[in-house]
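Remember, it's 1-based here, ligands and their atoms both numbered in the order they're listed. Computed over heavy atoms, backbone and side chain alike; hydrogens, waters and symmetry mates excluded.
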Amino acid sequence: MNLDNIRIVLVNTTHPGNIGGVARAMKNMGLSRLYLVAPEKFPDEQAVWRAASAGDLLDSAVITATVEEAIGDCQFVVGTSARERRIPWPLLDPRQCAARIGALAGREQVAILFGREDRGLTNEELQLCNLHLNIPTSDAYSSLNLAMAVQIVCYELRMLLVQGDLPASEDDQWDTPFATLANLERFYLHLEQALTDIEFLDPTAPRQLMARLRRLYGRVRLDEMELNILRGILTETQKWVERGRHGS
Ligand code: SAH
């Protein structure tokens with residue numbers, strides 16, 4: 001596992017102090033790649049103050065306008081959440097999640113998403129993810145401070161390295177790279193269009209169909225060749241429908 005292949009992505013953070021706290025939590029545990037999606041106030045002296053000796057992580061932070069820009073090149077994405085969402089997703093605690101990431105982050109780019117202080121990640125953002133991470137808490141109060149949540153997740157990654165019993169790599173024997181998020185997003189758009197063309201999907205009553213398909217493909221983890229095969233099938237299906245419409 002290479003911690004440099006793991007990025008921490010903060011979505012729409014409100015308080016710059018939290019960004020500084022996250023930088024410190026990361027640097028203490030040996031992570032260095034911080035991505036900020038549309039932060040409300042950054043750069044800011046409160047961030048610098050809370051970062052203490054981790055100011056270098058703030059200086060090298062990558063700022064993007066959208067989540068997709070921050071994680072488009074990633075092959076594995078984890079979304080953190082303090083509560084259960086409408087459609088259940090594969091859900092791990094930080095230790096289980098670190099073990100899973102440890103089996104990938106030798107070669108692959110991994111992102112861990114953290115949400116807004118007041119309302120976390122949106123359902124759409126959580127549906128970009130392969131799996132969800134929940135930090136077990138008391139039922140009385142399940143929402144941790146953002147930087148403390150990052151600290152716990154990074155600590156478990158550190159412990160994997162410290163203990164030295166890294167899980168067997170999932171991707172070493174694989175012949176084709178796993179699909180990036182950007183390519184998967186293009187595939188989902190194509191799939192949605194093709195399912196609409198064949199009238200399997202009714203855009204006026206989509207009934208969470210795309211969310212369920214995202215969950216399915218996210219669980220399987222397509223490689224780039226499998227993705228191209230599926231896109232080829234969609235294109236031919238669309239041609240077939242088009243020919244049928246013109247009565248030939
Ligand atoms: N009220 C929000 C909580 C936001 S806390 C909600 O209900 O979703 C800000 C961020 O810290 C969350 O988006 C998540 O990234 C992280 N976080 C806080 N508590 C967490 C927990 N128990 N498990 C996992 N992530 C948590």
Side-chain angles (χ1 to χ4, degrees), residues 3 6-29 31 33-42 44 46-47 50-51 54 57-58 61-71 74 76-102 105 110-160 181 211 214-215 218:
L3 293 178
I6 303 171
R7 69 190 69 174
I8 299 295
V9 182
L10 306 184
V11 181
N12 273 171
T13 310
T14 309
H15 301 293
N18 280 334
I19 299 178
V22 166
R24 181 174 188 170
M26 288 171 63
K27 189 163 177 181
N28 284 148
M29 298 298 125
L31 283 88
R33 297 179 64 202
L34 175 60
Y35 283 64
L36 305 173
V37 178
E40 277 195 17
K41 267 172 97 187
F42 189 82
D44 187 277
Q46 281 190 56
R50 282 278 304 277
L57 264 72
L58 297 179
V62 179
I63 301 176
T64 68
T66 64
V67 176
E68 284 83 355
E69 272 173 75
I71 63 177
C74 290
F76 195 74
V77 181
V78 174
T80 57
S81 176
R83 58 196 159 94
E84 266 296 319
R85 303 298 173 126
R86 196 148 39 127
I87 301 183
W89 226 252
L91 186 67
L92 300 184
D93 68 33
R95 198 158 299 168
Q96 295 165 327
C97 195
R100 190 76 207 281
I101 290 173
V110 175
I112 311 177
L113 305 184
F114 290 85
R116 301 153 187 83
E117 290 94 332
D118 56 346
R119 51 201 169 89
L121 295 166
T122 63
N123 285 332
E124 289 71 30
E125 287 157 356
L126 284 165
Q127 288 171 10
L128 296 171
C129 302
N130 294 90
L131 57 83
H132 293 167
L133 179 157
N134 176 259
I135 301 166
T137 57
S138 155
D139 290 340
Y141 192 16
S142 67
S143 170
L144 278 82
N145 166 267
L146 175 60
M148 297 194 186
V150 172
Q151 183 74 75
I152 289 171
V153 173
C154 294
Y155 168 76
E156 290 296 342
L157 291 166
R158 177 103 227 128
M159 282 306 283
L160 257 195
L181 180 114
R214 279 173 176 273
R215 186 176 65 175

In chain-and-number order, ligand 1 lies under 4.0 Å from a heavy atom of each of T80, S81, A82, R83, R85, F114, G115, R116, E117, D118, R119, G120, L133, N134, I135, T137, S142, S143, L144, L146, A149
Within this structure, what is the CG-CD distance for the pair L181 and E69, rounded to the nearest 0.5 Å? 12.0 Å
Shortest non-hydrogen contact from L113 to T80? O-OG1, 2.7 Å
Using side-chain hydrogen bond (donor to acceptor under 3.5 Å, both in side chains) as the criterion, list what pairs up with N12, not counting sequence neighbours. R116
Minimum heavy-atom distance F114-V153, with the two atoms named: CZ-CG2, 4.0 Å
How would you list all residue pairs meeting ring pair (Phe, Tyr, Trp, His ring centres under 6.0 Å) that involve residues 6-29, not counting sequence neighbours? none
Here the ring pair (Phe, Tyr, Trp, His ring centres under 6.0 Å) pairs for residues 135-158, sequence neighbours left out, are none
